[in-house]
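Before any comments, here is the structure.
Remember, predicted model here, so these are calculated numbers, not experimental data. A note on names: the letters A, B, ... follow the listed sequences, proteins ahead of strands, and every chain is numbered from 1.
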Amino acid sequence: MIDIPKTYDPKEAEQSHYARWEERGYFSPEINKDPNAPVFSIAIPPPNVTGSLHMGHALQHTMMDVLTRYKRMSGFRALWLPGMDHAGISTQLMVTRQLKKEGLTRHDLGREKFQERVWLWKQEYGGQILKQIRREGASVDWSRERFTMDESLSRAVREAFVRLYDEGLIYRGNRIVNWCPNDQTVLSDLEVLREPQKGKLYYLRYPFKNGSGSITVATTRPETMLGDTAVAVNPSDDRYSEMIGQTLVLPIMNREIPIVADDFVESEFGTGAVKVTPAHDAADYEMGLRHKLEQIVVIDQFARMTEAAGADFAGLDRSKARDLVVEKFAELGLLEKVVDYEFSISKCERCKTVIEPLTSTQWFCRMEPLRDLALEKLRAAGKPRFVPQVPYEKVYSDWLENLRDWTISRQLWWGHQIPAWYTGDGRIIVARSREEAQQKAGTDELTQDPDVLDTWFSSALWPFSTLGWPDKSEDLKTFYPTSVLITARDIIFLWVSRMVMTGLKFMGREPFADVYVTGTVLDKHGQRMSKTKGNGIDPLEVFEKYGVDATRLTLASVGSTDTRWSERQVESYRNFANKIWNAARFCLLNSDGVESVANPFGGDRSALPLHDRWILSRLNKTARDVNAQLQEYDFHGVVQTLYHFFWDDFCDWYIELSKATMTAADESPERSIARARLISVLEQSLRLLHPFMPYLTEELWLKLPVTHAQLLHPAYAGAEPTIMLASYPQCDDSLVDEIAEAEMSRLTILISCVRNIRSEINVKPGDRISILIGEATPSVRAVYEANRDQIERLARISNLSIKAKLDAPKASVRAVLSGTGEVAVPLQGLVDFDQERARLTLKKDNLQKEATKLNTQLGNSDFVARAPAEKVSELRARADEIALHTVTLDQMIEAIK
RNA sequence: GCCCGCUUGGCUCAGUGGUAGAGCACUCGCUUCACACGCGAGGGGUCACUAGUUCGAAUCUAGUAGCGGGCACCA
């Protein structure tokens, strides 16, 4: 006897299969030997080298793995390419901290040594997430693992930079940027968070030069007034129109500044007059350009006041400077008032430091021409296709339409150093290498720009740089464009749109056909999980507690809508995994003799027992639905379909109906065939489930007494058996059998009805009862006759009478079978009549309510005239049924009075 | 401020122009020889609110409220 535990222990299966799959090369597309195989490819959204797995990853990876495994089993040359990005700022921060413990700064080491330290750090601490991806069961091709700092990807970065520069899409310029005083680098708009902030609004008076009073401006940042070079008012604001062009004397600084007119100013806000600090505010910067105002830098890169702010302020921190400015205004009698004010403030996404807008020379990428490529592609070809289309396509196109230039330089040492060199005479040479630069420059007296590129610049190239671009590699030809990108919605701008733009620019094709945007897993209160809130749930702990497969099912069923995390949900899928385990256990414990059955469902199909024809029909319809749902990325739907097929159809009915034959004591051909059929259906079910539950299904599938090699997809012929490479079941239309399904429903309705009666009148589960069936059409009666044993066994009946007429004793419980037929259970005085009468009366009342509703509808001539005839007759049939049922109930009530 | 999404039984969520669904929780009964992470039976919802379109609306339209999200140079 085979020894199989009663409860599924996920750990064992999770430990034993992954390494084997990987070693045998099952994750690589090369495993597919069919030269004409269609191609399916996914580039993983590269996680950050400093990061570790969170629920969002687990969710996306589950879906990517489901699709990859599904396509692989369907014979596709499937590639899911893994890797990481180098996370410039975060990684540099990690190593800087490490150095600090040793009492060192990066400047002590110098650039080169520092970079060596970062690589050492990466080797030791980086890429935790790669191990975690293995734990998830993700079937990524590790032989193609990439890192954005790999030489081949770095080459792609340089190539892209040079090409964009040569076309004038990359330029160097002095503009206002977002500066993080803590990280000491510029940031792009997308790396800046806006957070609500409680602060003050300061009303400051700026006197006129001619001594005729003052104008009042309102500001949240008084310290910036030291760099003011104008005050602006709206040209149509009557209060100020006469003052336009007049000169003010900036207090403290005693600088003469003009009053200018600008449409940007909102008359309703504050005093309607705005101080203008072109060097320290993005809007003021624009205004400064419009009015040719001087940019005076009063705050430096450490957020301290500069010499230009005056001797009293130079070197002061910006917050100290604020206090001092306010103090001085008060002393001068120029502080009109200070009011509480709530506004939003820009913060560094990573370190939450308040951003200092300042003018600085940086590298920028012009977005308009790239943006136009993406918008044209969307409008002309609908590419990429967003799933769900609403609202993401619009989110994407709206963003593209309002796009501003992208700051791509970063003042870091970790990343791709900008391939630009400066000559002694001030020329800029952009080239793929120093050698090329020297050639172009005609000199070797070159200094390379010290800055590196935004990490996202390299990520934007990911779908093709990972496949070998700029070389015209085989991989690039085969796997680009990728099939689908699966990601969270907050990455649409940061990554998706940039990949589309670079893909169209350099490859001439969008990098992926579809973009599937996942929902978000929220905490139980509906809040986003975040490190700062500390409300995150560690997927690894969930794996540990409930198993990877159950967690994957839970995550897959999240689909594209936000869902609150519910441990109960995982628990129910854990139970489902156990159900599968036990169904298999039952099959395996009763598997003697199945080897002798070559083709369990072979021969004349119409001669098969009803339940066999029925399960084949259900199985094939399930395969049809599942394939369709997977094509449509309906992850939630497909999980439901598989769950209900396996549990309701296979376990609750098919196994139960098979028991009569398959658990017979004596060995017989019938017994072996029944067992082989059960195993065949189980085997196919496991294949359907495999993309979602890789470990459990592999564990069980390999145990089944079937000829595994024959079940492999032809593209993998000759491979060592694994369910990973078995054919994904497709619907065989010839096995869809509506008659069998209709007949089967007659049986299940009857059995459920009898069970219901037993329960209602409190018959002990073990007791066998007599029942009578009548009033059924001859064909239905034939179904009952043919399945007499099954009915008796599953409804626990000792005496089953099937006749044309129902001749039940008066004191019987009778029930109308939905569709056709009546069933009666003689009571033989075993029931409390009062109780029974009450029960029947309640039942009758409920039926009356439904009848009233139906009759109203059927009495409506408009309905009868306009509704589809099918619908009308459906309701008529139901009304007739209720009428019949009511009569029966009346008779029953009468009989036990 | 603008745009978008969500609002279905106690909880988490499906769903569709035509008699309200699942899982969990709950009630009752079961150690029935795969499974108590189970088996059988059952109770429970005017599908946020209002108005409209329709023979018919939870499903379409408009508005209202609550929640959530995105965008924005309001000092």
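Checked against side-chain hydrogen bond (donor to acceptor under 3.5 Å, both in side chains), A/Glu12 has no partners two or more places apart in sequence or in another chain. For A/Asn575, there are no side-chain hydrogen bond (donor to acceptor under 3.5 Å, both in side chains) partners two or more places apart in sequence or in a different chain. In this structure A/Glu268 satisfies the salt bridge (charged side-chain N to carboxylate O under 4.0 Å, His left out) test with no other residue, sequence neighbours excluded. Applying the side-chain contact (heavy atoms from CB on, under 4.5 Å) test to A/Glu393 and every residue at least two apart in sequence or in another chain returns A/Leu378, A/Phe386, A/Gln389. Every residue was checked against the salt bridge (charged side-chain N to carboxylate O under 4.0 Å, His left out) condition with A/Glu349, not counting sequence neighbours, and none meets it. Partners of A/Lys545 according to the side-chain hydrogen bond (donor to acceptor under 3.5 Å, both in side chains) rule, which considers only residues two or more places apart in sequence or in another chain, are A/Glu567.
More than 12 heavy atoms of other residues, nucleotides or ligands shown are found within 6.0 angstrom of CZ on A/Arg239.
For RNA chain B, the residues of residues 272-283 of chain A within the heavy-atom distance limit of 4.0 Å (strictly under) are A/Val274, A/Ala283, sorted by number.
Helical stems of RNA chain B (runs of at least 3 Watson-Crick or G-U pairs, donor-acceptor distances under 3.5 Å) are listed by first residue: B:1-7 with B:65-71, B:10-13 with B:21-24, B:26-30 with B:38-42, B:48-52 with B:60-64.
For the pair A/Lys337 and A/Tyr203, the cation-pi criterion (under 6.0 Å, within 45° of the ring axis) is fulfilled. Figure legend: cation-pi geometry between A/Lys659 and A/Phe586, with NZ or CZ positioned under 6.0 Å from the six-membered ring centre and within 45° of its axis.
A distance of about 11 Å separates the C1' atoms of B/G9 and B/A25, rounded to the whole Å.
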May I have the list of side-chain donor-acceptor pairs in residues 643-651 of chain A shorter than 3.5 Å, sequence neighbours left out?
unit_1, atom_1, unit_2, atom_2, d
A/His644, ND1, A/Gln640, O, 3.1
A/Asp649, OD2, A/Arg618, NE, 2.8
A/Asp649, OD2, A/Arg618, NH2, 3.1

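When the side-chain nitrogen and oxygen atoms of A/Arg568 are compared with OP1 and OP2 of B/U12, none of them lie within a distance under 4.0 Å.
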Original post:
Tell me, for nucleotides 29-39 of chain B in 5' to 3' order, what letter each nucleotide earns: B for a base near a protein heavy atom under 4.0 Å, S for only sugar-phosphate near one, - for neither?
Top reply: SS---BB-BSS
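If you take CG of A/Leu193 and P of B/A72, they are 12 Å apart, rounded to a whole angstrom. Nucleotide B/C28 holds its P atom 15 Å from the CD atom of A/Glu760, rounded to whole Å.
No side-chain donor from either of A/Lys843 and A/Thr841 sits under 3.5 Å from a side-chain acceptor of the other.
A pairwise comparison of heavy atoms in A/Val192 and A/Ser188 identifies CG2-O, 3.6 Å as the closest pair.
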All N/O contacts under 3.5 Å from nucleotides 17-22 of chain B to the protein, with atom names and distances to one decimal?
unit_1, atom_1, unit_2, atom_2, d
B/U19, O2, A/Glu850, OE2, 2.9
B/A22, O2', A/His644, NE2, 3.3

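Residue pairs meeting the side-chain hydrogen bond (donor to acceptor under 3.5 Å, both in side chains) criterion with at least one member in residues 850-862 of chain A, sequence neighbours excluded: A/Glu850-A/Arg878.
Counting only heavy atoms from C-beta outward, the side chains of A/Trp653 and A/Leu747 never approach each other to under 4.5 Å.
Among the nucleotides B/A75, B/U12, B/C3, the one closest to any side-chain atom of A/Lys394 is B/C3. Among the nucleotides B/A75, B/C13, B/G40, the one closest to the side chain of A/Arg755 is B/G40.
In terms of position along RNA chain B, the nucleotide closest to A/Ser759 lies nearer the 5' end than the nucleotide closest to the other residue of the pair A/Ser759 and A/Arg489. Nearest-nucleotide assignment on RNA chain B puts the 5′-proximal partner with A/Lys524, out of A/Phe269 and A/Lys524.
A/Tyr341 comes within 4.0 angstrom of the backbone, heavy atoms only, and of no base. As judged by a 4.0 angstrom heavy-atom cut-off over every strand, A/Phe343 is placed among residues touching the sugar-phosphate backbone only.
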